[in-house]
Each structure stands twice: as C-alpha cells, then as structure tokens.
Amino acid sequence: MKREMETKYNPKDVEDRLYDLWLDKGYFHAEVDESKTPYTIMMPPPNITGQLHMGHALNATLQDVLIRFKKMQGFNTLWQPGTDHAAIATETKIVAKMAEEGLTKAALGREGFLKRAWAWNDEVGGIITQQFRKLGVAADWKRERFTMDEGLSQAVLEVFVRLHEKGLIYRGERLVNWCPNCKTSISDAEVEHEEKQSGFWYFSYPILDKDGEVLTFATTRPETMLGDVAVAVNPDDERYSHLIGQRVVMPITGKYLPIVADDYVKTDFGTGVVKVTPAHDFNDFEIGKRHNLPSVNIMNDDGTINEVDGAGSYEGLDRYEARKRIVAEMEALGFFVKKEETNNSVGAHDRCSSVVEPLMKLQWFVKMEDLAKPALEAYKNGDLNIIPPRFGKIYTHWLEGIKDWCISRQLWWGHRIPAYYCGDCGEITVAKTAPAACKCGCTNLAQDEDSLDTWFSSALWPFSTLGWPEKTPELDYFYPTSVLVTAYEILFFWVIRMVFSGQEFMGELPFKDVLITGIMRDELGRKMSKSLGNGIDPLEIIEQYGADALRFSLATGNSPGNDLRFYIEKVEQSRNFLNKVWNASRFIMMNLEGASHEAALEDLTPADKWILSKANSLSKEVTELLDKYEIGIAADKVQTFVWDEFCDWYIEFTKARLYNQEDPTRNAALWTLRQVLSISLRLLHPFSPFLTEEIYQSFDFGESIVISDFPKYDEARNFAADEGDIEQIKEAVRALRNLRQQKDVPPSRKAKTFVISQSQDARRIFEGGKAYIMALAGASDVTVSDDKSLIPENSVSVVVPGAEIFMPLADLVDMAKEKARLEKELKKLQGEVDRVTAKLNNQGFLAKAPEAMVEEERAKGAKYEEMRQVILAQLEQMNEQ
RNA sequence: GGGAGCAUAGCUCAGUUGGGAGAGCAUCCGCCUUACAAGCGGGAGGUCACUGGUUCAAGUCCAGUUGUUCCCACCA
C-alpha cells in the first residue's frame, strides 16, 4: 500500500491471491495438538451438485466469523467441510439430464445408472466447494469429506447393522408417504403440508336390503372410493346407531361394505359418516386395524389407478382424471349429492411439490422412541443449548410427537441398504458385507434394491468425518464439536438426527450449542427460491462488490433465528465502509513514511489515550458479543467505532499534529494511529478477512492477520478521565459546528473563538483541545479564559457543559434570531432539568435506585441547571441592550 | 386445532442483562476542508401496534386485544 495507490479498494486485486496464500501456509488445516484447546465446527455439507446460494453465504459467513475469532484467540480450530450426496435431489437431476438424451433409469439399469451418476458427480462435484472458497472461508479443505466416500459409507453400514441388531431398525409394511412423481417413499419430515382449497363431495351409498335408504358421506378424494372397505359412524350417533352392522353397496365397484362404529368419527363434522379406505389414508388405516378390515390398494406407484377389482375403466387413469370421472359416474348413477368447497391440508413432496399419496409399502424404518428420549433429555437438562431458546420448544415438540423414520428410498443414488434376501428360505441377512451364503446354506441371495434416506448419512457427519467407526485421534480430540450453525429449516432433518446419532454411537452430544440462523429473503420478504427465480447469486455480488462487502452486510443486523432480507443497498453500504477502512489506512501509511513512530505511554496526549481507551473497551465488548453469538451486534459495534470514532474524530484530531513536522506529539500520534489501526483490523478480520489481511501485511504488523491475536482488554489502557475530557471537546466542536451552520457562516470563514469558563478544570480541558477546535470547528484562534469582558461585541455564543463559547461574527448576527435561538435552547434545557428534578424528587427513586444511578442523575441535573443559568444570563443581557 | 415469531423515523431493521429512543437508505441544508464525493459537516422526521399490570423506573418484564408471518398437526 503506497501513496499512489488507488483511492478505492479493489477486492479483485486481493481476494484470490490472499486465499491462495492462506491455503499455501496451511492456516486452515488443523492437526491434533494436545497442548491446545480444540474448537470445532462441522460445516453443513451442501449438496454435491448444488450451487452456492445466499443461504450458504449467510451460514458460512457466521461460521467463519466464529472460526477466525476463535483461532485468533488461540484455539486449535477445525472447520470441517464436505458435501452431501443429496440422494433425491441429485438423482432427480441425473434423471432429467438422461431424459434429454432419451435415456431412462430402466434402460440403463442400476449399474449403468450409477456409472453415469458417478461420472457426473466427478464432473460437477467440486463446483460448490470452489464457490465456497470465494467467500474466504477458513475451512480445512484438506479434510474435505463426502457422504458417499469410502469412510463415510462404512460408517453408514456400521450404523445400519448396529441399529438393526439392537432392534431399532426394522422392515415392515406400513402406510408411507409416497411421491408418485419421484416414485419413492419419503419421510414425514419431507412432506410439506399446505392449506389448499379443494372440492368436498357428498355421495350416498345405498344400504343393502333397505330399499331406497342411503348413507351420505363427504370426501375430498373421490378416487379413493374405489378402495373403500367400510363406512364408519360414531357409536353414539343416534342418527345411525341402528345401522351399525348392516352393509352398504359401493355403486361403482358393486362391493358390499360393512357399517362399523368407531369413536374416531365426529358426529358434528360433515354428515357424521366416514368412508373407510385403509390403504390410502392414515386415519382409515387405524380404523381398519381396529375393525379387522382388509386394505385395498387402488394405486400404482405413478399415481394411476391399478387393476384392482372393480376398477373397470378407471384402470390406468391418473388419480385426478379418475377423480373427475368417478364424480361423473356417481352423478349419473344418482348417488352424487352435492359439492362444497373446503380448505384442506394437502401434503406435498418438498423436493418436487407433487401431492403425496399415502400408500402401503414394505419399507425400512428406524424405531424412534428409544432414540428420541435421550435427545429430549439433553435439551431439558441443559446439556444442549439452542440459540435462540425459542427453537428449543420446536425441538422438544417435534421429538415428543415423533413417529418412526422411514429410511428406505426407491432410489439408486445413495447408500444401498445392506440387507440380503434369500430366494430359497426367505431369510433376511443384514450385514456390512454381502454374506457368502444364507443361513439355509444356499447362495441364492439378492441385496435390497433400495437405498437410504440421504439424512441417514448426514446424521453421522459430526463423527463419521472424523474417522468413526475407527478410533482415530481426530475423533478423540475434535469431538464433540463446539457449535453447530444452521438454518431452522433443517432442524428436524438434520440437527435432531445428529443429536440422537451422536448420543447413540459416541455416547456424547455432537455439539453443545446450536446456533439457529434465519433464512434469506428477497427485498419483498419472499423466501429466495429457484421456482420463484428471486434468488440472488452470491458470486455475482462478490464479483461486483467483493466477498468482504457481502460478508459484512450479512453479518451486520443479523440476529440469531431471524430471517434476513437481502438488500443490495446494504452491500453497498458495507462496501463503502470497507473502503473507508482502506482510505484511513492509506492516510496512516502516507504519514508513516520515513517517520519514526515509536512512543511511550507517557508521551500520549489525551486524544491518544481517549481512542486507545475506546478501542480497549471495544475489544472486550466484541469478545463478549461473539461469545454470545451476537455476531450482528458485534459487527455493528466495530463499524461504529472505526468509522465514527476512529476515522471521523481521531484521525481528524491527528492531522494538525501530523502536518507539523515539529510537533512534539507527532510520534505519539503516529504510534497511536498504528496501534488503533491494528486493533481495528484485528477486530474486523473475522467479518472481512481479505481487506484486513491486505492492510495488515502492508503495515508489516505481522506475518498474517489470520494468526494474529484477537485484541484483549487491558486494564492499563483504560483511560476514563481522558475519555471524559475528549468527549467534552467533541461536544464543544459539535456545538460550534451547529452554531456556524445555523448562522450560515461559510466554512471558509474562520473566526476567533473564546471559551469562557469559571471552572479551572474545564479551562484545562479546553486549553488542551484548542488545536482541535481550530481544526474542526472553524476557529482561527482560541482563547480560553474566565474573563467574560474579553468578548467582542456582536458575538454569537453557544453553551456547552462547563463553558460558554463565543465567536465574533458581527455582520452575521441578527439579534432577534439570536434571541429566538437561545430561547429554544433554554426550553430544551428546562425540559431536561424538569425531568431530572422530577426523578430526584421521587422518594422511591432515591430509596430504591442504585446509588450510582442517583449520583449520575444529580450530576446531570447540576450540569443542565448550570447551562440553563448561563443562557438565562445571556438573554437578560440581550434584553438590556 | 396446537405452537412460535414479529409490530420502533418515509423504507429496511438494530436496540445484548429494565435506567435519558438508534443505524443504514431516502429526504433537506452546507461543503471538491490534499485519506476517502463509495466522502465530510449540519438538520428535519418516532404518543416504540392497542389496553391493562409489575416496578422508583418499561421499547425492554407479565396478561390480554388487534394485525401479520411462520412452524407443527391424521378434521373425513
């Protein structure tokens, strides 16, 4: 960084170069080191074929802030990156690509498909992690893992086999959520319920042997009537109790259906009659079980009607077409009663938005009850800390109502289920490797065709990436991790499953803290999504504004658990701030050239001590905030300090001293500038790593800011008295600027300035601040005195705590306006005095408020009263003239 | 049906343990003051949704009301 360098910071000159340097130096690589305390974060693995989006950028920024902060504090930090094979998402993409070439899974076969999948994976698999690098993340890429790499796949097999042995994994025919589009079962968590308007059709089934009598019921899914096996009424419903045990006829299929009594049926909803379709509805399934009813499956895997008995011409029709035609046929037969509109909650697959059908399927499940208990317990006893706490309720509520987890997927891209079926005796063998022979002695074995839910492997991420099931030193050292940072969206999918997996297999929680982030929204507050097309590409923002600007804008204003709207203006503002830092650094660099900048504490002026003291307390504050995950507030505090205090005040303070080569305090100013710049850069580094490193190295502050020390609070640098003095000077400067503005004094016009005070201490302070008042408040000269008679005629004045300040501006003084201004000022002060007086007259306040608070109020009261008196005197004098 | 969040300046949002209402953008006025016009200085703009309560003291804690967003749930 040299004098002739650009007045604008250009991230493109810096970012890639520094990132490569960091990687070369191996700063982000962590090795087991017993002499240091580990600090570990598991990066949520993005989908292997995914693209970086704003959610990633937010999440990664927050984690990087924590990692860099902790590294600077001396922790041995590991940020474990990697990717997720994302079973359904990836397979869908591959199938779509294949379709472009006219290929299908069936045509390629399993082996052919997987070959293609891996090839594509090799082609695009590195893209997203390359994109993450653009953000400047301090992740340990040497340890990058993939959920389907050899080690992690072994972990998956190990877990499956162990859970199976324990009886916590079982295979069974259950009603599962089925996606007719993806043709696979999915878990409860993957179903998104949406309230939709839907038809509500009323039909009648004639009662057998009761000429003309019918039972009327309502349904939102008429097509399922083909699978009806009964109708149910409430046993206490007097309207129907006499019919219990009799039968109705399904007019289309001609089947006889018993009328059963079941408490599930509400008498006050619909007609009080429910058709029972156990194969296609979770409630009906339960009713069917209670009454020993058969299940009649009417649907194929693709959502068309199958060849079920009685389906007739409906066979092969799509479910919605069948719905329409069945309504029409019932109407033609005279059994359609009416159609209403109702709001109905419809389940859709979160990946493809197709409406999910409950279907009877033979699937693998994880028994959740025993696993959920310790996960619940860990939260309730405080071992697991969720930030913000309100998400704890969501966590417990979900675990308390948890059902068994359907883990088998009818997909090929994923971990194939390690279950082997004997073609002879039917025995099922679950093993990590294919058994040579079945128990029965035969070798007629076939492995299960299905693969595992993608979350089954990511649930193991905190320990599988560290080498489990091997007992590696890494596992011993870095596990449990320190904090997990993730969006609330995947609390159920991932966080909870990691918790119980860690407890089950490591005997210990995978992390103590869970920091929940919000999700990124667009300017209008809409969730950023592919389908809406309202996503903003972080890479484009980085290209235009730099990674630091993007990161800083995501960090500021971020509070745990709250959604964040993306505003380009915020990025611009961050960019402007970083540019400010760049220019402040240039200024310092320019002045340092050829100068000695050594100084001792005793050489420092009050202004130097003031800024050092501020930087000192800021260091403490930022440390505390980051430890509380208040990343947004921390970023904000740093920005306010650097911009408002350091740049706008301190650097301005130093100019007069720097420009005068003879000034005896020049070196002290340079030394302080360097000190505070260094502190500022280090406080800022976790948020904006590139800019801070570039400047840090330009100043030869050290080898790299990445491995520098995070600023610590130092009691020896607490200068409360000097802080107070300088604040008083600032207040005077502000008051004078305000006065000049109000009087329309051109900035170029300097004026002699008189500070009058009866307080010796105040005179000392202002005497010390003369140069600042001259430089910043348009004073040509400053006289500090207790003698009011020095003041020239026609001066304007301003009252500040401890003093009156006068500027002779004869030609600009309009007595009437001046009087009005003073009266306004007086009124304001009177208000303050009244407020404080009321407080101090309140016996309750005096008795119960802390001593310091009362003292503070007293001091304020005295200060305002004094200022008020001064203005009163001025007004009186004016009236006399 | 159950649960949660939010409601603060024209806009978007901070306000961390209760102790004199803040920022950015927008707006108005004045400045190219040799680090920075992506800047500097100075203003204007708010009964902190409503009602009640706790407290010496409430934007902050509690209860309720209204509006709004989200999550969960097997109402056919």
(request) Take atom CD1 of A:Ile568 and atom P of B:rA26, then tell me their distance rounded to the nearest Å. (result) 14 Å
(message) In whole Å, measure the gap between the P atoms of B:rU17 and B:rU54 for me.
(response) 23 Å
(message) Could you check whether A:Asp563 pairs with A:Lys527 (Lys NZ or Arg NE/NH1/NH2 to Asp/Glu carboxylate O, under 4.0 Å)?
(response) no
(request) Using only side-chain N and O atoms of A:Trp643, determine if any of them is under 4.0 Å from OP1 or OP2 of B:rC40. (result) yes
(request) Kindly point out which of B:rG42, B:rA73, B:rA76 is positioned nearest to the side chain of A:Glu195? (result) B:rA73
(request) Can you tell me, in whole Å, how much space there is between the C1' of B:rC36 and that of B:rC29? (result) 22 Å
(message) Would you call the rings of A:Tyr650 and A:Phe646 parallel, tilted or perpendicular, taking 30° and 60° as the class edges?
(response) parallel
(message) Distance check needed: B:rC31 C1' versus A:Arg749 CZ, whole Å only.
(response) 17 Å
(request) Using the P atom on both, measure B:rA57 against B:rG3 and round to a whole Å. (result) 33 Å
(message) Taking B:rA76 as the reference, what is the distance to B:rU69 when you measure between their P atoms (whole Å, please)?
(response) 23 Å
(message) Roughly how many Å apart are B:rG5 and B:rA26, using the C1' atom of each and rounding to a whole number?
(response) 28 Å
(request) Begin from the C-alpha positions of A:Tyr629 and A:Leu66 and carry the test side chain to side chain contact (heavy atoms under 4.5 Å, CB included) through to its verdict. (result) CA-CA 8 Å; A:Tyr629 304 111; A:Leu66 294 173; 3.8 Å; yes
(request) Take atom CG of A:Asp263 and atom P of B:rA76, then tell me their distance rounded to the nearest Å. (result) 19 Å
(request) Please list every stem that involves RNA chain B, where a stem is a run of 3 or more consecutive Watson-Crick or G-U wobble pairs with both pairing distances under 3.5 Å. (result) B:1-7 with B:66-72, B:10-13 with B:22-25, B:27-31 with B:39-43, B:49-53 with B:61-65
(request) Using the closest heavy atom to pick a nucleotide of RNA chain B for each, name whichever of A:Trp398 or A:Gly844 lands nearer the 5' end. (result) A:Gly844
(message) Taking A:Lys338 first and then A:Glu340, would you say they form a salt bridge - that is, a charged N and a carboxylate O separated by under 4.0 Å?
(response) yes
(message) One character per nucleotide, please: for nucleotides 32-38 of chain B, 5' to 3', B when the base has a protein heavy atom closer than 4.0 Å, S when only the sugar-phosphate does, - otherwise.
(response) ---BB-B
(request) Using the test side chain to side chain contact (heavy atoms under 4.5 Å, CB included), find all partners of A:Lys828 that sit at least two apart in sequence or belong to another chain. (result) none
(message) Do the side chains of A:Lys860 and A:Glu865 get close enough for a salt bridge, i.e. N-O under 4.0 angstrom?
(response) no
(request) Evaluate the ring planes of A:Phe687 and A:Phe552, with Trp represented by its six-membered ring, and classify them as parallel (under 30°), tilted (30 to 60°) or perpendicular (over 60°). (result) perpendicular
(request) If a protein heavy atom is under 4.0 Å from the base, mark B; if only from the sugar-phosphate, S; if neither, -; do that for nucleotides 13-24 of chain B going 5' to 3'. (result) SSSB--BB---S
(request) Using whole Å, report how far CZ of A:Phe577 lies from P of B:rG39. (result) 12 Å
(request) Could you say whether A:Leu846 or A:Lys527 is positioned toward the 5' end of RNA chain B, judged by the nucleotide with the nearest heavy atom to each? (result) A:Leu846
(message) Going by the rule side chain to side chain donor-acceptor pair (under 3.5 Å), which residues pair with A:Tyr864 if we only count those two or more places apart in sequence or in a different chain?
(response) none
(message) So that I know where these two stand, are A:Phe200 and A:Tyr202 an aromatic pair - ring centroids less than 6.0 Å apart?
(response) yes
(request) Answer yes or no: is there an ion pair linking A:Arg565 with A:Glu523, defined by an N-O contact shorter than 4.0 Å? (result) no
(request) Using the C1' atoms only, state how far B:rG59 lies from B:rA9, rounded to an integer number of Å. (result) 14 Å
(request) Can you tell me, in whole Å, how much space there is between the P of B:rC50 and that of B:rU8? (result) 10 Å
(message) In this structure, how many angstroms lie between the P atom of B:rA76 and the CD atom of A:Glu223, rounded?
(response) 13 Å
(request) Answer yes or no: is there an ion pair linking A:Glu341 with A:Lys339, defined by an N-O contact shorter than 4.0 Å? (result) yes
(request) Write down the distance between CG (A:Asn343) and C1' (B:rG1), rounded to a whole number of angstrom. (result) 14 Å
(request) Under the salt bridge (charged side-chain N to carboxylate O under 4.0 Å, His left out) rule, collect the residues that match up with A:Glu543, sequence neighbours excluded. (result) A:Lys12
(request) Select base, sugar-phosphate, or nothing to describe what A:Phe391 touches, counting heavy atoms under 4.0 Å on all strands. (result) nothing
(request) In whole angstrom, give me the gap between the C1' atoms of B:rG46 and B:rC72. (result) 37 Å
(request) Using atom CG of A:Asn177 as one end and atom P of B:rC72 as the other, report the distance to the nearest whole Å. (result) 13 Å
(request) Describe, in one word, how the ring planes of A:Phe391 and A:Tyr488 are oriented to each other, choosing from parallel (under 30°), tilted (30 to 60°) and perpendicular (over 60°). (result) parallel
(request) Rounded to the nearest angstrom, tell me the gap between atom CG in A:Asp237 and atom P in B:rA76. (result) 18 Å
